[in-house]
Structures are given as C-alpha cells and as structure tokens.
Amino acid sequence: MESQNPKAQAPSAAAKVKKEEKISNVRGIRNAFFVIIACAVCAVCIFLFGMGAPGNFEGNDPEGHPINLAGTVYKGGFIVPILMTLFLTVIVLSIERWIALSSASGKGNTTKFVAEVKADLAKNNIDAAMDRCKKQKGSVASVVYNTLVKYKEMDANDTLSKEQKLTTLRNAVEEATALEMPSLSQNLPIVATLTTLGTLVGLLGTVMGMIKSFQALASSGSPDSTELSTGISEALVNTAFGIATGAFAVISYNFFTNKIDNLTYAIDEIGFSIVATFAATHK
C-alpha cells in the first residue's frame with residue numbers, strides 16, 4: 001500500500017500545478033514586432049495624409065509655406081514618421097505594460113494580501129493562505145500558491161531532513177519567481193532601447209535640418225528664405241520629437257521597473273515568511 005502513495009500523489013500534484021498556472025494569468029503582447037509595424041503604418045498615414053494635407057499650406061501646395069503646426073511638422077522631413085513610429089511604439093507598449101502589470105498585481109492590494117497571508121502563516125493555516133491566493137490571483141499569488149503546495153508536500157514528507165525541506169522550499173520560491181519574471185519585464189527592454197534611439201534619431205534629423213539651412217545660406221546671391229526656413233523647421237521639429245520620445249520612454253521604463261521591483265519585494269517578503277514559518281513549526 002505504501003508503494004502506491006507516490007503514484008496516487010502524482011496526479012494531485014499535477015492538478016495543483018494547473019491551478020497555479022490559472023492563478024498567474026499575466027496578460028501582455030508576446031511579439032512587439034507587430035506593434036512596431038502597426039505603429040509605423042499609422043505614423044506614415046498620419047504624416048502623409050494628415051500633416052501633409054494641402055490645407056495645411058499656403059496655396060494648398062505641400063511644397064509651400066505651412067500655415068499651421070501640422071504643416072510645420074510635415075516640413076520636418078522623412079525623419080518625422082520614423083520618430084512618430086518610435087513615439088507611438090513607446091505609448092502602445094506602455095499601455096500594454098500597464099495592463100500586464102495590473103493583472104500581475106492581482107485583484108486586491110498587494111501589501112494587504114501579503115499581510116493577510118503572513119497572518120495565516122503565523123496561525124499555521126496553510127489552506128486559508130492558499131484560498132487567498134486563488135482569490136487574489138496575479139504573480140505574487142501565483143508564487144505564494146506554488147510555494148505553499150510545496151510546503152504541504154514537505155509537511156507530509158517523512159524521509160527528508162529539516163534542512164533538506166527548507167532548501168526545497170527556498171528552491172520552490174526561486175523557481176516560481178523565475179517563471180513569473182519574464183512575463184513581468186517583457187517588452188521593457190524595447191522601451192529602454194527607445195530611450196536612447198529616439199534621442200539619437202531626433203539628433204540625426206536636427207543635423208540634417210541644419211545642413212539644409214547652411215546650404216541655403218551658402219547659396220550664391222541672397223539666401224533662399226524658403227529653403228532656410230524649411231531646414232530650420234526640420235531641425236527643430238526633429239529635436240522636439242526626439243526629446244519627447246526619449247523623455248516619455250525614460251519615464252515609462254522607470255515607472256514600470258519600479259512596479260516590478262515592488263512585486264519582487266513582495267514575493268521575497270512572503271517567500272521568506274513561508275520558509276521561516278516552516279522552520280519554526282517543524283523539528
């Protein structure tokens with residue numbers, strides 16, 4: 001009969017793993033490449049058909065002098081849709097990360113959830129803590145639930161020593177955390193890259209605009225005022241877009257990195273409490 005117990009426990013463990021997977025449920029875009037392509041298409045359409053509309057220029061001629069801000073931006077040249085693509089990508093991925101991390105935080109307040117689970121652990125009420133995880137959902141609840149499953153397994157294990165059980169629990173926390181972290185930080189490296197890329201592309205557009213301006217000044221006879229103003233517009237528009245893209249990307253990246261750190265701290269805190277509780281209640 002004893003030899004049949006491990007086999008009987010295997011399906012139960014698998015079922016618990018499936019439940020743990022449902023607890024996590026972190027949403028997010030898996031492939032940012034399609035986001036970049038969609039943003040590029042939108043940027044080109046806005047640039048050509050919105051900003052480049054004849055009504056934005058004197059005499060309804062896109063080659064003429066702009067009469068509003070949209071026409072002025074259009075004069076920024078081909079660098080503008082590139083910068084718009086980067087800017088739109090930052091916005092879309094920031095919204096995507098907001099949704100993903102909101103689902104990762106769970107249904108309730110994370111700090112309150114951690115405090116309640118710690119209270120359940122202090123009472124050695126493991127089942128109540130697991131029920132809280134099912135209600136809370138999110139990454140923290142997923143890690144806690146997975147660790148508590150291992151906690152109950154170690155509690156029922158009579159062959160391993162106490163130190164071996166504690167090591168197993170610590171490993172369970174680390175493994176569960178490692179499974180959740182990729183979904184939390186997904187697409188953030190792209191936002192971090194756009195922090196620098198947006199500024200550099202804007203700088204490239206600025207330099208190209210200044211080159212056009214100096215070419216107009218260097219022309220024989222009186223300078224071509226139209227060419228001069230076009231070059232200056234291109235330089236300033238690209239500078240503004242580059243700074244805006246870089247600044248927004250920095251703010252977005254730091255904001256979401258901080259949210260991930262808070263979730264990680266919560267996981268570390270509750271993981272330490274689980275291990276400490278096991279150490280205090282078992283010989």
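Throughout, numbering of the chain's residues begins at 1 and tracks the sequence.
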**Student:** Hey, any chance V144 and Y265 share a hydrophobic cluster, counting ILVMFWY side chains that come within less than 4.5 Å of each other, even indirectly?
**Tutor:**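 Different clusters.
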**Student:** Please confirm whether the backbone N or O of G106 pairs with a side-chain atom of T110, one donor and one acceptor, at under 3.5 Å?
**Tutor:**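 Not at all, since once roles are kept as given, no pair shorter than 3.5 Å links the two residues.
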**Student:** Do F78 and F47 make a side-chain contact, defined as non-hydrogen atoms from C-beta onward lying under 4.5 Å apart?
**Tutor:**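 Not touching, per the 4.5 Å side-chain cut-off.
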**Student:** Using a 3.5 Å distance criterion without hydrogens, assess whether the side chain of S142 forms a donor-acceptor pair with backbone atoms of G138.
**Tutor:** no
**Student:** So, the side chain of R97 versus the backbone of V191: is there a donor-acceptor pair under 3.5 Å, distance only?
**Tutor:** no
**Student:** Measure the shortest side-chain to side-chain distance between F57 and I67 over non-hydrogen atoms and say whether it is less than 4.5 angstrom.
**Tutor:**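 The answer is no, as the side chains (C-beta and beyond) never meet within the 4.5 Å cut-off.
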**Student:** Do you see a donor-acceptor pair shorter than 3.5 Å between the side chains of S161 and Q164?
**Tutor:** yes
**Student:** Only one of T264, I267, I274 passes side chain to side chain contact (heavy atoms under 4.5 Å, CB included) with V143; say which it is.
**Tutor:** I267
**Student:** Parallel under 30°, tilted from 30 to 60°, perpendicular over 60°: which one fits the rings of F87 and F248?
**Tutor:**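 The rings of F87 and F248 sit tilted, inter-plane angle from 30° to 60°.
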**Student:** Less than 4.0 angstrom from a charged side-chain N to a carboxylate O is my criterion; do K165 and D155 meet it?
**Tutor:** no
**Student:** To the nearest 0.5 Å, what is the distance between CD on E174 and CZ on R170?
**Tutor:** 9.0 Å
**Student:** Donor-acceptor check, side chain of Q136 to backbone of F113, threshold 3.5 angstrom: yes or no?
**Tutor:** no
**Student:** Same cluster or not: I190 versus Y253, using hydrophobic residues (I, L, V, M, F, W, Y) connected whenever any side-chain heavy atoms lie under 4.5 Å apart?
**Tutor:**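 Yes, same cluster.
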**Student:** Between N171 (side chain) and T167 (backbone), is there a donor-acceptor pair under 3.5 Å?
**Tutor:** yes
**Student:** Donor-acceptor pair, distance only, cut-off 3.5 Å: does the side chain of K75 make one with the backbone of P62?
**Tutor:**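 Answer holds: yes.
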**Student:** Could you tell me the separation between the CD1 atom of I82 and the CD1 atom of I79, rounded to the nearest 0.5 Å?
**Tutor:** 4.5 Å
**Student:** Would you say K162's side chain and A279's backbone share a donor-acceptor pair under 3.5 angstrom?
**Tutor:**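 Yes, K162 side chain to A279 backbone: donor-acceptor pair under 3.5 Å.
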**Student:** Could you tell me if the side chain of D61 sits less than 4.5 Å from the side chain of P54, heavy atoms only?
**Tutor:**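 Side chain of P54 against side chain of D61, heavy atoms only: no contact under 4.5 Å found.
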**Student:** Any side-chain heavy-atom pair from E175 and N146 closer than 4.5 angstrom?
**Tutor:**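 SC-SC contact between E175 and N146 ruled out.
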**Student:** Between N124 (side chain only) and T281 (backbone N and O only), is there a donor and an acceptor less than 3.5 Å apart?
**Tutor:**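 Side chain of N124 to backbone of T281, a donor-acceptor pair under 3.5 Å: no, none is there.
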**Student:** Could you check whether any side-chain N or O of D120 sits under 3.5 Å from a backbone N or O of N125, counting only pairs where one atom can act as donor and the other as acceptor?
**Tutor:** no
**Student:** Are V207 and I232 connected into the same hydrophobic cluster when the rule is that any two of I, L, V, M, F, W, Y join if their side-chain heavy atoms are below 4.5 Å apart?
**Tutor:**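 Hydrophobic grouping puts I232 apart from V207.
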**Student:** Under a 3.5 Å distance rule, please check whether N187 uses its side chain to pair with a backbone N or O of I29 as donor and acceptor.
**Tutor:**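 A pair under 3.5 Å: yes.
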**Student:** Answer with yes or no whether the side chains of T239 and T206 bring together a donor and an acceptor at under 3.5 Å.
**Tutor:**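 T239 and T206 do have a side-chain donor-acceptor pair below 3.5 Å.
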**Student:** How about F278 and L166: do any of their side-chain heavy atoms sit closer than 4.5 Å?
**Tutor:** yes
